[in-house]
Visitor: 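Have a look at the structure that comes next, please.
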Amino acid sequence: MITDDLQDQAALYVLGSLSADETAAFEDSLRNDADLRALVCDLREAAGDLGRSVPAKRPPAELKRRVLREIALEKQARSPRSRTAAANWLPWAIAAAFIALCAILVVDRTRLQRELAAARKTDSPSMLVTLASPNGEHPDAKVTVAWQPDRQSGTITIANMPPPGPGRDYQLWAIDANHKDPISAGIIHIDPNGVARIRFKPDQAVAQIKAFAISIEREGGTTKPEGPIVMIGNA
Amino acid sequence: MATSQDAADREMLAQAAGGDQAAFAKLYDRLSGPLYSLAVRMLSDANEAQDAVQEVFVQIWRRAAKYDPTQSSVFSWAMLMTRSRIIDRLRARGRRLRVVASSTDDTNDAAAAADASVAESAADTADRNEEAMRVRTVLDKLPAEQRQAIDLAFFSELTHHQIADQLGQPLGTIKARIRRGLLKLREQIT
């Protein structure tokens, strides 16, 4: 017999609404109660059903290409062969990775420039902003923003960035001459290789962009920058 | 209740966990539509929905080996993962979702308008739209206060405390409505 209170908690647990302490306590109960585990399963399926209730949309084909490209890179990075041979081949692997990174950056920069040129041709003026550390940290990091003012959106490309640290996220900011405070342009999740390519749209309209910056914020981000600026570039 | 589709999903995920990219691509074909539809609905931004779905599929690839079939179907596992990632994004951006009182009004909302260019053809989406209609029909039969509570609890980033505040109801009442609504939905669908 599961009490109403425990059933309520089960629903909130499935929706991720319990606090960390409540979650830990509930998971203790779960371990010892098969009926409760069955209830949680049912509630998870109910949540899945709710997700089915939204009108059907088809993702663009490009999204599949993006996902599969990223998966291929992940697979390559994790391949057992590269791990077991790492000790012997580490110097070569580092050299190869460096060459590959250079190639990727050259290709990426070429692509961004091509996109920029294409955007210009279609009367959609864009700008390319390179960000760098204000105090010389992360000298190997490469961060580029392609910004399209008329679309109020852009793409940030990152390579070789270290992780932001536990409980922290990188957050992108647009610094607008007409706004007192920087405008949040979203959280930047980098992959284990320090790479990201993310389309973003600032929370508010940007009339006169002065710079883009990345700060380290608490996990989930903030509405105003509170943490240190680790990368910045003038438009 | 396990279906043949659940079994097929588990098989594809198990193969993906072993590094099979072709199986993962098939799983993408199977799940991307529903996950993307949820992301568009909750984020009201097709571009951001694409970024969120991309992150989720990378997460699925990384966690495939940890999936536990005794806890949920692959579909619900992926759906809840997507919802969680979307809520992170909504909270990070400090936005508040505009909650549409009736889910049947969705075709008129901004997300639908913004995403009109990628709406599926009738032939491609017939099954999923039929399924969505079936779930919405069940939802419509729930008591209004339960429907409202689970709608807010699932499709917005509001916590149950915030939902109670917003609806001017005691916290215990809101918790019970969410739980009863979810269980009734499950009971009616299975």
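We name chains A, B, ... by the order of the sequence lines, and we start the count at 1 in each one. All figures in this text were calculated on a predicted structure; none of them were measured in a lab.
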Visitor: Sort D169(A) into side chain, backbone, both or neither according to what part of it lies under 4.5 angstrom from a heavy atom of chain B.
Guide: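 It is neither, since no heavy atom gets under 4.5 Å.
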Visitor: Pick from L38(B), D88(B), V58(B): which one has the most heavy-atom pairs with chain A under 4.5 Å?
Guide: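 The option with the most such pairs is V58(B).
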Visitor: With only heavy atoms counted, which part of S73(B) is less than 4.5 Å from chain A, the side chain, the backbone, both or neither?
Guide: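 Both parts, backbone and side chain.
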Visitor: Quick check on the interface: out of I178(B), L80(B), T70(B), who has the most heavy-atom pairs with chain A under 4.5 Å?
Guide: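 Top count of heavy-atom pairs under 4.5 Å with chain A: L80(B).
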Visitor: What's the spacing between Q71(B) CD and R37(A) CZ if we round to 0.5 Å?
Guide: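 The CZ atom of R37(A) is 9.5 Å from CD of Q71(B), to the nearest 0.5 Å.
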Visitor: If you measure from CG on D42(A) to OG on S72(B), what distance do you get to the nearest 0.5 Å?
Guide: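 Between D42(A) CG and S72(B) OG, I get 11.5 Å after rounding to 0.5 Å.
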Visitor: Measuring from atom CG of L185(B) to atom OG of S53(A), what distance do you get when rounded to the nearest 0.5 angstrom?
Guide: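 So the gap between those two atoms works out to 8.0 Å.
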Visitor: Check for a donor-acceptor pair, side chain of R58(A) on one end and backbone N or O of G33(B) on the other, with a separation under 3.5 Å.
Guide: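 Checking the backbone N and O of G33(B) against the side chain of R58(A), no donor-acceptor pair under 3.5 Å is found.
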Visitor: Verify the neighbour count for atom NZ of K26(B): are there more than 12 heavy atoms of other residues, nucleotides or ligands below 6.0 Å?
Guide: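 Not buried by this count: 12 neighbours or fewer within 6.0 Å.
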Visitor: Where on L12(A) is there a heavy atom nearer than 4.5 Å to chain B: the side chain, the backbone, both, or neither?
Guide: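 Only the side chain of L12(A) comes within 4.5 Å of chain B.
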Visitor: Can you find a pair of side-chain heavy atoms, one from F200(A) and one from N47(B), that are under 4.5 Å apart?
Guide: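 Answer no - side chains too far apart.
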Visitor: Against chain B, work out which of G186(A), A47(A), G221(A) has the most heavy-atom pairs shorter than 4.5 Å and name it.
Guide: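 Looking at each option in turn, the highest pair count goes to A47(A).
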Visitor: For Q204(A), which residues count as a side chain to side chain donor-acceptor pair (under 3.5 Å) partner, sequence neighbours excluded?
Guide: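 Per chain and number, Q204(A) pairs via side chain to side chain donor-acceptor pair (under 3.5 Å) with H179(A).
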Visitor: Applying salt bridge (Lys or Arg N to Asp or Glu O under 4.0 Å) to K175(B) and D5(A), what does each step give before you reach the verdict?
Guide: CA-CA 9 Å; K175(B) 287 180 183 177; D5(A) 185 49; 5.0 Å; no
Visitor: Where on T137(B) is there a heavy atom nearer than 4.5 Å to chain A: the side chain, the backbone, both, or neither?
Guide: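 No part of T137(B) comes within 4.5 Å of chain A.
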Visitor: Can you say whether S153(A) sits under 4.5 Å from chain B via the side chain, the backbone, both, or neither, judging by heavy atoms?
Guide: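 Nothing of S153(A), per the 4.5 Å heavy-atom cut-off to chain B.
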Visitor: Working to the nearest 0.5 Å, report the span between OG of S17(A) and CG of L158(B).
Guide: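 Those atoms lie 10.0 Å apart.
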Visitor: Short question: side chain of Y36(B), backbone of K57(A) - any donor-acceptor pair under 3.5 Å?
Guide: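 No; judged by distance alone, with no hydrogens or angles, the pair does not exist.
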Visitor: Counting heavy-atom pairs under 4.5 Å with chain B, which one of I198(A), V40(A), D8(A) comes out on top?
Guide: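 Counting heavy-atom pairs under 4.5 Å, the top option is D8(A).
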Visitor: Which answer fits A38(A), side chain, backbone, both or neither, if we ask what part of it has an atom under 4.5 Å from a heavy atom of chain B?
Guide: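 Interface part for A38(A): neither.
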Visitor: Does a side-chain N-to-carboxylate-O contact under 4.0 Å join D45(B) and K201(A)?
Guide: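 Between K201(A) and D45(B) there is no salt bridge, as every charged N stays at least 4.0 Å from the carboxylate O atoms.
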Visitor: Need one label for R177(B): side chain, backbone, both or neither, based on atoms under 4.5 Å from any heavy atom in chain A.
Guide: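 Answer is neither: R177(B) stays 4.5 Å or more from chain A.
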Visitor: How many angstroms lie between CZ in R186(B) and SG in C41(A), if you round to the nearest 0.5 Å?
Guide: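 Spacing of CZ (R186(B)) from SG (C41(A)) equals 10.0 Å.
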Visitor: Please determine whether side chain to side chain contact (heavy atoms under 4.5 Å, CB included) holds for the pair E45(A) and D6(B), giving the CA-CA distance in whole Å, both sets of side-chain angles, and the decisive distance to 0.1 Å.
Guide: CA-CA 12 Å; E45(A) 296 313 309; D6(B) 293 338; 5.8 Å; no
Visitor: Tell me, with the steps shown, if H160(B) and L15(A) meet side chain to side chain contact (heavy atoms under 4.5 Å, CB included).
Guide: CA-CA 10 Å; H160(B) 48 292; L15(A) 295 174; over 6 Å; no
Visitor: Would a 4.5 Å heavy-atom cut-off, applied to side chains only, mark P60(A) and Q50(B) as touching?
Guide: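 P60(A) reaches Q50(B) side chain to side chain.
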Visitor: Examine whether an atom of L182(B) lies under 4.5 Å from a heavy atom of chain A, and if so say whether it belongs to the side chain, the backbone or both; otherwise answer neither.
Guide: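 Both backbone and side chain of L182(B) come within 4.5 Å of chain A.
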Visitor: Side chain, backbone, both or neither: which part of E55(B) has a heavy atom under 4.5 Å from chain A?
Guide: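 Side chain only.
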Visitor: State, with a plain yes or no, whether a side-chain heavy atom of S37(B) is found less than 4.5 Å away from one of V54(A).
Guide: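 They are in contact (side-chain heavy atoms under 4.5 Å apart), so the answer is yes.
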Visitor: What closest approach, in Å, do R136(B) and P55(A) show between heavy atoms, and which atom pair accounts for it?
Guide: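 Result for this residue pair: NH1-N, 3.8 Å.
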Visitor: Starting from the C-alpha separation in whole Å, work towards a yes-or-no answer on side chain to side chain contact (heavy atoms under 4.5 Å, CB included) for Q21(B) and I71(A).
Guide: CA-CA 8 Å; Q21(B) 286 172 259; I71(A) 297 310; 4.2 Å; yes
Visitor: Say you draw a straight line from CD of E62(A) to CD of Q54(B); how long is it, rounded to the nearest 0.5 Å?
Guide: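 The CD atom of E62(A) sits 9.0 Å away from the CD atom of Q54(B).
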Visitor: Is it the backbone or the side chain of S32(B) that comes under 4.5 Å from a heavy atom of chain A, or both, or neither?
Guide: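 Contact with chain A is through both the backbone and side chain of S32(B).
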Visitor: Under the 6.0 Å and 45° cation-pi test, does R66(A) pair with F57(B)?
Guide: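 Not satisfied by the 6.0 Å and 45° rule.
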Visitor: Do W77(B) and R44(A) have side chains that get closer than 4.5 Å, going by heavy atoms?
Guide: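 Side chain of W77(B) against side chain of R44(A), heavy atoms only: no contact under 4.5 Å found.
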Visitor: Quick one: does I150(B)'s side chain get under 4.5 Å of L50(A)'s, heavy atoms only?
Guide: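 Yes. Closest side-chain heavy atoms under 4.5 Å.
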Visitor: Need one label for L63(A): side chain, backbone, both or neither, based on atoms under 4.5 Å from any heavy atom in chain B.
Guide: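 Backbone plus side chain of L63(A), per the 4.5 Å heavy-atom cut-off to chain B.
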Visitor: Answer with side chain, backbone, both or neither: which region of Q7(A) has an atom nearer than 4.5 Å to a non-hydrogen atom of chain B?
Guide: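 It is both, since atoms from each part get that close.
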Visitor: I'd like to know which of D49(A), T222(A), L39(A) tops the heavy-atom pair count under 4.5 Å against chain B.
Guide: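 Of the options given, most contacts go to D49(A).
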Visitor: Salt-bridged, R199(A) to D51(B), with N to O below 4.0 Å?
Guide: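 No salt bridge links R199(A) with D51(B).
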Visitor: Can W61(B) and E74(A) be said to form a side chain to side chain contact (heavy atoms under 4.5 Å, CB included), step by step?
Guide: CA-CA 9 Å; W61(B) 172 261; E74(A) 287 246 334; 3.8 Å; yes
